[in-house]
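Just so it is clear, the model here is predicted, and its values are computed rather than measured. Worth knowing before you read on, the calculation uses all heavy atoms, side chains too, and leaves out hydrogens, waters and symmetry mates. Naming: A, B, ... by sequence-line order, numbering from 1 per chain.
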Amino acid sequence: MILIRDGAIAHDDYCALADDAPLPTSGNFIVSLERWLSEHEPLRASAAANIGIRLPNTADLADVWPLIADRPLIELQFPAFGDGRAYSQARLLRERYRYPGEIRASGVAVTIDQVREMYRCGINAFVLRQDQDPQRFITEWVRAREILWYQTSPGAAESVMMRRRSR
Amino acid sequence: MYQYDAYDQRLVDQRVEQFRDQTRRFLAGELSEDEFRSLRLRNGLYIQRFAPMLRVSIPYGLLSARQMRMLAHIARTYDKGYGHFTTRQNIQFNWPRLEQVPDILADLASVQMHAIQTSGNCIRNITTDHLAGVAHDELVDPRPYCEITRQWATFHPEFNWLPRKFKIAFSSSTTDRAATRVHDIGVHIVRSTTGELGYEIYVGGGLGRMPMLAHKIRDFLPEAQLLSYLEAILRVYNRLGRRDNIHRARIKILVKDLGPAKFTQMVEHEWSQIDRTALDLQPQDLERMKAHFTAPAYRHDAASDRSFDAAVAADRAFAAFVKRNVRPHRMPGYKIVFVSLKAPGVAPGDITAEQMDLVADLAERYSFGEIRSTHDQNLVLADVEQKDVFTVWQALRNAGLATPNIGLLTDLICCPGLDFCSLANAGSIGVAAEINDRFDSLDHLYDIGEIKLKMSGCMNGCGHHSVGHIGILGVDKKGEEWYQVTLGGSAENDASLGDRTGPSFSRAEIADAIERIIEVYLEHRRDEEETFLQCYRRIGMAPFKARLYSEEVAA
């Protein structure tokens with residue numbers, strides 16, 4: 001698996017922790033939301049350095065946000081090429097909850113054909129699908145920063161409407 | 001009309017470039033069939049029964065003469081010399097070659113056109129009244145709001161991968177000519193009791209296999225807050241709309257499953273939390289947009305013309321055209337002229353490249369260079385001086401574009417059907433032609449009057465059969481084409497869904513069945529003033545059922 005973080009190939013410093021795996025003794029892990037909800041106290045007390053959350057795309061942030069707000073990483077899932085639910089989660093995390101940590105996309109839609117929308121919704125790290133060329137993906141990521149959008153986006157270049165207003 | 005600035009142009013150019021690369025990768029085997037499918041659909045490209053089909057966007061049905069000439073050029077250069085106007089005010093080309101589609105999109109971009117989001121599970125073309133800006137019963141011109149919404153919806157990063165397609169329509173007039181209540185969102189522009197502009201919001205209408213009328217979820221939304229409210233609706237839908245069953249994925253199912261009250265509450269709750277600072281329209285945004293849709297330079301002495309009335313009195317064929325295809329304009333001395341794309345023997349909505357060029361010429365010379373497409377698959381020259389109507393009629397008639405049948409039975413709307421569409425069960429165009437032949441003369445004899453016959457070749461309902469006064473739906477039974485008939489549908493203010501007559505009819509019986517329905521109407525109507533729909537609502541289904549099923553239908 002290749003990880004692109006903020007436009008560069010990055011060493012993936014997190015491992016997935018299976019729901020039935022014992023509590024970690026060191027390192028960075030990503031756990032399922034389900035496990036986090038049932039075991040956040042022992043997990044917080046464990047020797048793991050950092051623990052991120054893998055959020056199902058059906059999770060309602062209004063419910064779970066208070067429990068994950070202090071996490072350094074949230075992984076959003078794109079289980080099918082046409083399943084866009086996590087786009088709303090990404091935008092809510094960045095805009096409504098002002099989440100400052102890493103938002104990581106995983107799943108079969110993480111391709112050069114969707115990086116523009118993912119970037120614009122506030123996703124900054126990408127677990128590339130196996131068949132994707134990382135250099136080409138980075139080129140598209142750079143492109144996503146340069147192109148124009150009608151819509152506003154937190155932390156990204158301003159929208160066409162805002163540009164028109166300031167003219 | 002709206003003119004692109006450098007930003008709009010760059011956005012469209014960006015997309016042409018992106019799609020060119022996607023097409024190249026697909027042809028090189030680097031992009032799977034499935035993924036290319038959902039990407040090409042977002043650029044209007046279907047792979048149909050015989051060839052690709054490209055659907056070009058005509059935002060809210062408004063075209064310039066220059067754009068129409070480009071459509072003619074595309075029909076000639078990349079297609080077989082014609083195009084097909086759809087029930088969403090767009091145009092389709094049925095024979096382009098896949099490899100050439102990026103070039104077609106580049107040609108379109110050169111005249112501020114595109115095929116963006118004309119298909120796929122995303123926000124589709126925004127539609128409105130084809131008489132916007134010239135209608136008598138209009139509160140304000142809805143097109144600035146449509147354009148604002150079009151821009152917001154174009155490449156929306158959050159809403160490009162919805163559970164299913166999503167259609168938004170605007171109406172700003174007493175008579176709803178945009179069928180807003182059968183859209184995913186219908187927006188009615190209204191004035192509050194205190195005189196402020198704003199919107200009534202309807203959600204959850206739709207046709208297809210489970211036709212439903214939209215529910216009103218908000219009585220009054222202030223003018224500036226349109227986009228944040230749309231965003232709240234779309235976000236609730238994107239998160240909660242069903243994705244496990246394509247037939248239950250439209251927002252109408254979500255509204256139905258949750259119940260309109262609960263759905264409304266969820267939208268309002270979402271909306272209350274949206275940061276509106278970036279989304280609310282500022283006065284300058286609205287002013288800028290409204291400035292694109294100002295009235296043309298009408299001549300103030302246009303009403304002094306006497307030749308129009310004289311020509312109506314002198315020429316019966318012209319008088320018939322005026323009666324059926326010309327509507328009053330709110331400016332004295334001007335007329336609204338309908339160009340009929342329902343000539344006998346021609347598939348509804350079809351138009352040749354030569355006809356497109358002619359309409360472009362007429363628009364340029366007589367109607368301030370603009371053309372509208374209607375959701376009934378006709379065209380409109382909206383600002384013709386009355387002294388020129390006769391000349392325009394002659395030119396249209398010579399080109400087969402002046403059939404005096406707007407609003408009549410032979411002005412039926414119809415999907416492309418089995419002849420082109422891979423989804424269809426039925427050859428809608430053939431049936432349309434047969435009905436057209438049969439009623440062309442009958443219309444003249446009995447003055448059947450206003451009646452909307454709508455036909456779809458399959459459950460997807462592209463021909464809007466559920467809201468036809470008479471609806472026909474093609475169904476497949478063991479490999480044979482059968483036709484289900486509904487009566488009493490309407491897409492206007494009194495919106496209703498048609499009732500099924502009973503068992504369906506075979507291909508051989510369908511034209512007879514329609515004729516019997518018309519006979520029952522002619523026998524029962526109070527007078528020529530009572531329309532088919534009014535008559536049906538008064539007498540109900542029973543007399544129609546009796547005639548259709550008690551006797552052998554096939555002669």
Query - B:E223 vs B:L281, side chain to side chain contact (heavy atoms under 4.5 Å, CB included): CA-CA, chis, key distance, verdict - result: CA-CA 8 Å; B:E223 186 187 24; B:L281 301 168; 5.8 Å; no

Report task. May I ask you to name which of A:M118, A:R120, A:M161 has the most heavy-atom pairs under 4.5 Å with chain B? Result -> A:M161

Query - Close side-chain approach of A:L148 and B:Q14, heavy atoms under 4.5 Å - result: yes

Query raised in the report: So, A:F78 versus A:Y87, ring centres under 6.0 angstrom or not?
Result: yes

Report summary line: Okay, A:R85 and chain B: the region with an atom under 4.5 Å from a heavy atom over there is both

**Report entry** Region of B:Q284 in contact with chain A, defined by heavy-atom distances below 4.5 Å
**Finding:** side chain

Report summary line: Applying a strict 4.5 Å limit to non-hydrogen atoms, the region of A:R91 in contact with chain B is side chain

Requested in this report: Count the heavy-atom pairs under 4.5 Å between each of A:D113, A:L92, A:V160 and chain B, then report the option with the highest count.
Outcome: A:D113

**Report entry** Note, B:L39 side chain near B:R42 side chain (heavy atom, < 4.5 Å)
**Finding:** no

Query raised in the report: With a 4.5 Å heavy-atom cut-off, do A:W65 and A:I68 have their side chains touching?
Result: yes

Query raised in the report: Contact part of B:L227 toward chain A, heavy-atom cut-off under 4.5 Å: side chain, backbone, both or neither?
Result: side chain

Report task. Examine whether an atom of A:D83 lies under 4.5 Å from a heavy atom of chain B, and if so say whether it belongs to the side chain, the backbone or both; otherwise answer neither. Result -> both

**Report entry** Atom group of A:Q114 that falls short of 4.5 Å from chain B, counting heavy atoms
**Finding:** side chain

Query raised in the report: Relative to chain B, which segment of A:D60 carries a heavy atom at a distance below 4.5 Å: side chain, backbone, both, or neither?
Result: both

Requested in this report: Side chain from CB out, backbone as N, CA, C, O: work out which of these in B:N238 comes under 4.5 Å of a heavy atom of chain A, or both, or neither.
Outcome: both

Requested in this report: Can you tell which part of B:T154 gets under 4.5 Å to a heavy atom of chain A, answering side chain, backbone, both or neither?
Outcome: both

Query raised in the report: Hey, what's the ring geometry for B:Y145 with B:F170, parallel, tilted or perpendicular (30° and 60° as the breaks)?
Result: parallel

**Report entry** Contact origin within B:L31 toward chain A - heavy atom pairs under 4.5 Å
**Finding:** side chain

Report task. Examine distances only and state if a side-chain atom of B:E33 and a backbone atom of B:F26 form a donor-acceptor pair shorter than 3.5 Å. Result -> no

Query - Backbone of B:A153 reached by a side-chain donor or acceptor of B:Q117 within 3.5 Å - result: yes

Requested in this report: Give, as side chain, backbone, both or neither, the part of B:E231 having an atom under 4.5 angstrom from any heavy atom of chain A.
Outcome: side chain

Report task. Taking A:N124 for its side chain and A:I103 for its backbone only, find out whether a donor-acceptor pair lies under 3.5 Å. Result -> yes

Query raised in the report: Relative to chain A, which segment of B:Q282 carries a heavy atom at a distance below 4.5 Å: side chain, backbone, both, or neither?
Result: both

Query raised in the report: Does any heavy atom of chain A fall under 4.5 Å from the side chain of B:R164, the backbone, both, or neither of them?
Result: neither

Requested in this report: Look only at the side chain of B:D21 and the backbone of B:E17, and say whether a donor-acceptor pair between them is shorter than 3.5 Å.
Outcome: no

Query raised in the report: Between B:F155, B:W152, B:Y7, which shows the greatest number of heavy-atom pairs under 4.5 Å with chain A?
Result: B:Y7

Query raised in the report: Quick check: are there more than 12 heavy atoms from other residues, nucleotides or ligands sitting under 6.0 Å from CD of A:E146?
Result: yes

Query - Region of A:E95 in contact with chain B, defined by heavy-atom distances below 4.5 Å - result: neither

Query raised in the report: What pair of heavy atoms forms the shortest contact from A:Q77 to A:A86, and how long is it?
Result: O-CB, 3.4 Å

Query - Interchain contact, A:S88 with chain B, by part (heavy-atom threshold 4.5 Å) - result: both

**Report entry** Under 4.5 Å from a heavy atom of chain A, the part of B:R239 involved
**Finding:** both

Report task. For the pair B:F166 and B:Y237, name the ring-plane relationship: parallel under 30°, tilted 30 to 60°, perpendicular over 60°. Result -> tilted

Query raised in the report: A:I112, A:N57, A:D131: which one forms the most heavy-atom pairs within less than 4.5 Å of chain B?
Result: A:I112

Report task. Please look at B:Q22 and chain A and tell me whether the side chain, the backbone, both or neither of the residue comes under 4.5 angstrom of a heavy atom of that chain. Result -> side chain

